[in-house]
Structure formats: structure tokens, C-alpha cells
Amino acid sequence: MKEIIPINQSKFWVPKQGDTFKQFYNYCEDVEGLEQKDIDIIKANAKKILERCINPNIPNKDNARTNLHIGDVQSGKTLTMTAAIALAHDNGFLLTTVLTGTKTILKDQNESRIETILQRIDHDKDKFYFNKGDQSQLDTQVEKLKRKPRSGIANKMIVSIILKQKDNIEALISKYEKLDINQKEFGSLILDDEADQASLNTMLRSEGQKSPTYRNINSLINAHSKNTTFVQVTATASALFCIPADDPLSPLYVSLSERPEKYIG
């Protein structure tokens with residue numbers, strides 16, 4: 001049993017709220033029609049997630065980190081993940097991968113929702129590139145990351161939204177390995193939706209064995225840039241607290257969403 005020790009808040013950093021996050025805020029207000037108190041919950045969730053991530057803007061000896069965000073079915077997990085992506089873009093993260101559920105219908109729903117929102121807040125089409133599997137286009141976008149952006153304008157973030165399934169993860173790993181993404185210094189974010197489903201090592205009792213999805217998630221983390229934070233998102237986190245402390249998917253920090261008075265989706 002792990003001892004619960006209060007977190008030293010000084011270990012966290014303060015993400016800046018730039019244009020991308022402000023546009024997300026306006027979207028929630030104007031399009032989603034959320035009340036201020038519900039928007040504040042989503043904003044607070046994004047801040048909690050980012051401040052626990054590796055800060056890509058300062059030298060850091062950590063190459064990867066795993067954190068956990070817990071939010072129940074009413075706490076707007078999809079909006080929270082989208083908010084975290086928007087805030088990450090404002091703070092120098094240039095690569096995000098979203099692992100959706102294990103079912104195609106859920107993947108399609110989440111992909112459509114997240115991509116639609118990000119497209120709505122990307123008025124000038126200069127914030128996000130959605131990786132659809134075309135290697136040549138991905139090559140071009142990664143090459144553009146080498147260029148110094150114009151003053152006050154961040155580079156495009158590469159966003160991949162994939163089904164949490166062996167073949168899909170392996171295909172993305174292959175694309176990143178061809179581009180030596182793991183040698184890049186920029187910040188990256190991996191969001192694992194329903195992180196207690198399929199992500200854990202279901203073969204833990206078989207000494208030395210690793211289940212396929214678990215093995216590939218670890219490889220995906222290693223294929224990302226040098227400042228990568230893997231964020232587990234779920235409403236049912238019990239299994240994640242039982243992971244051995246030396247497991248790469250054992251969360252270092254945990255954030256908890258405030259429960260809203262009504263469903264905010």
C-alpha cells in the first residue's frame with residue numbers, strides 16, 4: 001500500500017493562458033452554452049493536467065512522466081482533454097496523441113468531438129495539424145517544426161487521435177520512428193481516455209510477459225519527444241492505484257475534477 005503524502009505545489013509550474021485557450025473558453029461559452037461555473041471546472045481541469053506535466057520550456061532531466069486525471073461521467077472528460085490540448089498549444093507542446101476507447105464507435109465520437117472543437121477555435125488554420133496517416137504530410141509538418149515561428153505565433157501542433165488497439169498504435173509508432181521524433185526536444189502529450197481499459201498489463205502474473213496494448217503504449221511513449229507526459233483519464237481509477245510503483249504507467253501525480261451540478265459532457 002502506498003503512503004499518501006501531500007504534494008509539494010512548488011514542483012508544479014504555471015501554464016500561460018494564451019490565444020488558443022481563450023478561443024476554447026469562448027467556444028464553451030458561445031457554442032456549448034456552458035454556464036460560467038461549468039467553464040471554470042473545465043479550465044481548472046486543464047490547468048491541473050498541464051501544471052503536472054513536464055514543462056517543455058525549461059531543461060528537465062525527466063524524459064517521460066505518467067500522471068492520472070480522475071473525472072466522473074458528469075465532469076466533462078472530453079471537454080477537459082480538448083481544453084488540455086488547447087492549453088498545451090499555448091505552452092510549447094507540439095505533439096499530442098489521444099488514445100480513445102477500444103471500440104470504434106467511441107473512437108469516432110471522441111475524434112469527431114475533439115477535432116471539431118479544435119477546428120472551431122483554429123480560425124486561421126495555423127494552430128493544429130490533424131494526422132490522418134499520410135506519411136508525406138506528416139514529414140512536412142515535422143520539418144516545419146524546425147523553423148522558428150513568427151513573433152507571437154506558435155508552431156502548429158500535430159494531433160493524432162487513434163483507437164487504443166495494437167495495430168493502430170504500432171502504425172503510429174512506425175511513423176514517429178521514421179522521423180526520429182524521440183530525438184526532438186519539444187513537449188508532447190499523450191491522453192489515454194478510459195485508461196483503466198486495455199492499457200494495463202493484463203499479463204502481469206505471467207513473469208516477464210506484457211500484454212500487447214500495454215507493451216505498445218510503452219513503445220508509443222518512447223517514440224514521442226524527450227519531454228513527454230502520458231496522462232491517464234478515467235472515472236474508475238482503482239486499478240491504476242494498484243500498479244507497481246516501478247511500472248512506467250504508475251502515475252506520479254493525480255488530479256481530481258470537481259463534480260459539476262449537471263452533466264457538461
Side-chain angles (χ1 to χ4, degrees), residues 1-13 15 41-42 44-55 60 62-81 83-85 88 96-103 106 110 163-166 169 188-222 224 227-260 263-264:
M1 180 70 69
K2 295 180 183 179
E3 182 180 1
I4 298 176
I5 302 173
I7 291 175
N8 181 356
Q9 297 288 334
S10 65
K11 291 186 177 181
F12 299 157
W13 56 289
I41 290 174
I42 299 298
N45 287 342
K47 179 178 179 294
K48 289 176 184 177
I49 289 173
L50 257 290
E51 69 184 9
R52 288 163 170 79
C53 291
I54 297 175
N55 185 347
N60 200 305
D62 295 332
N63 286 334
R65 175 183 299 173
T66 296
N67 295 334
L68 168 63
H69 181 76
I70 305 173
D72 63 22
V73 293
Q74 294 184 328
S75 63
K77 293 200 301 299
T78 302
L79 280 177
T80 287
M81 289 191 293
I85 295 170
T96 292
T97 298
V98 181
L99 299 175
T100 63
T102 58
K103 305 296 183 184
L106 295 178
N110 282 344
L163 193 67
K164 195 192 315 183
Q165 191 269 343
K166 175 179 175 291
I169 299 175
S188 60
L189 189 65
I190 303 175
L191 296 164
D192 183 3
D193 191 18
E194 305 299 344
D196 56 319
Q197 295 184 7
S199 300
L200 307 185
N201 187 8
T202 58
M203 300 176 68
L204 186 61
R205 292 185 178 181
S206 302
E207 186 175 352
Q209 298 297 309
K210 298 178 180 179
S211 53
T213 302
Y214 168 83
R215 182 177 61 249
N216 279 284
I217 285 177
N218 279 280
S219 296
L220 180 65
I221 294 172
N222 293 331
H224 273 61
N227 300 298
T228 297
T229 303
F230 179 74
V231 181
Q232 303 159 323
V233 182
T234 185
T236 51
S238 299
L240 300 172
F241 288 112
C242 298
I243 300 174
D246 61 351
D247 190 303
L249 298 194
S250 177
L252 177 63
Y253 296 122
V254 179
S255 56
L256 182 65
S257 174
E258 178 184 346
R259 176 173 293 182
Y263 176 72
I264 56 178

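Using a distance-only test at 3.5 Å, with no hydrogens or angles considered, no donor-acceptor pair links the side chain of Ser255 to the main chain of Ile49. The backbone N or O of Ile54 lies less than 3.5 Å from a partner atom in the side chain of Thr229, making a donor-acceptor pair. Checked by atom type and distance alone, the side chain of Gln197 never pairs as donor or acceptor with a backbone atom of Thr234 at under 3.5 Å. Judged by distance alone, the side chain of Ser219 and the main-chain N or O of Arg215 form a donor-acceptor pair under 3.5 Å. For the pair Asn201 (side chain) and Ser211 (backbone), a donor-acceptor distance under 3.5 Å is present.
The closest side-chain donor-acceptor pair between His69 and Thr80, if any, does not fall under 3.5 angstrom. For the residue pair Ser199 / Lys164, a side-chain donor-acceptor distance below 3.5 Å is found, with atom types taken as modelled.
Residues Cys53 and Trp13 approach most closely at O-NE1, 2.9 Å, considering heavy atoms. Across all non-hydrogen atoms, the minimal contact from Pro15 to Glu51 is CG-N, 3.9 Å. Counting all heavy atoms, side chain and backbone alike, Gly71 lies closest to Ser257 at CA-CB, 3.9 Å. Residues Ile169 and Leu163 share a closest heavy-atom pair of CG1-O, 4.3 Å. Of all non-hydrogen atoms in Leu50 and Ala88, the two that sit nearest each other are CD1-CA, 3.9 Å. The shortest heavy-atom contact between Asn45 and Leu256 is OD1-O, 4.5 Å.
We find the CG-CD1 distance between Leu200 and Ile243 to be 4.5 Å, quoted to the nearest 0.5 Å. In this structure, Thr202 OG1 and Gln209 CD are separated by 10.5 Å, a value rounded to the nearest 0.5 Å. One distance of note links CZ of Phe230 with CG of Leu220; it measures 8.0 Å at 0.5 Å rounding. For the atom pair Ile70 CD1 and Lys77 NZ, the distance stands at 11.5 Å (nearest 0.5 Å). In this structure, CG on Leu191 lies 11.0 Å from OG1 on Thr78, to the nearest 0.5 angstrom. Atom CG of Leu249 sits about 4.5 Å away from atom CG of Asn218, to the nearest 0.5 Å.
Looking only at side-chain heavy atoms (C-beta outward), Tyr214 and Met203 stay at 4.5 Å or farther from each other. Using a 4.5 Å heavy-atom cutoff, the side chains of Asn222 and Asn63 are not in contact.
Residues Arg259 and Asp72 are paired through a salt bridge, judged by an N-O separation under 4.0 Å between the basic side chain and the carboxylate.
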Original post:
Step by step, would you call Ile85 with Val98 a side chain to side chain contact (heavy atoms under 4.5 Å, CB included)?
Top reply: CA-CA 10 Å; Ile85 295 170; Val98 181; 4.0 Å; yes
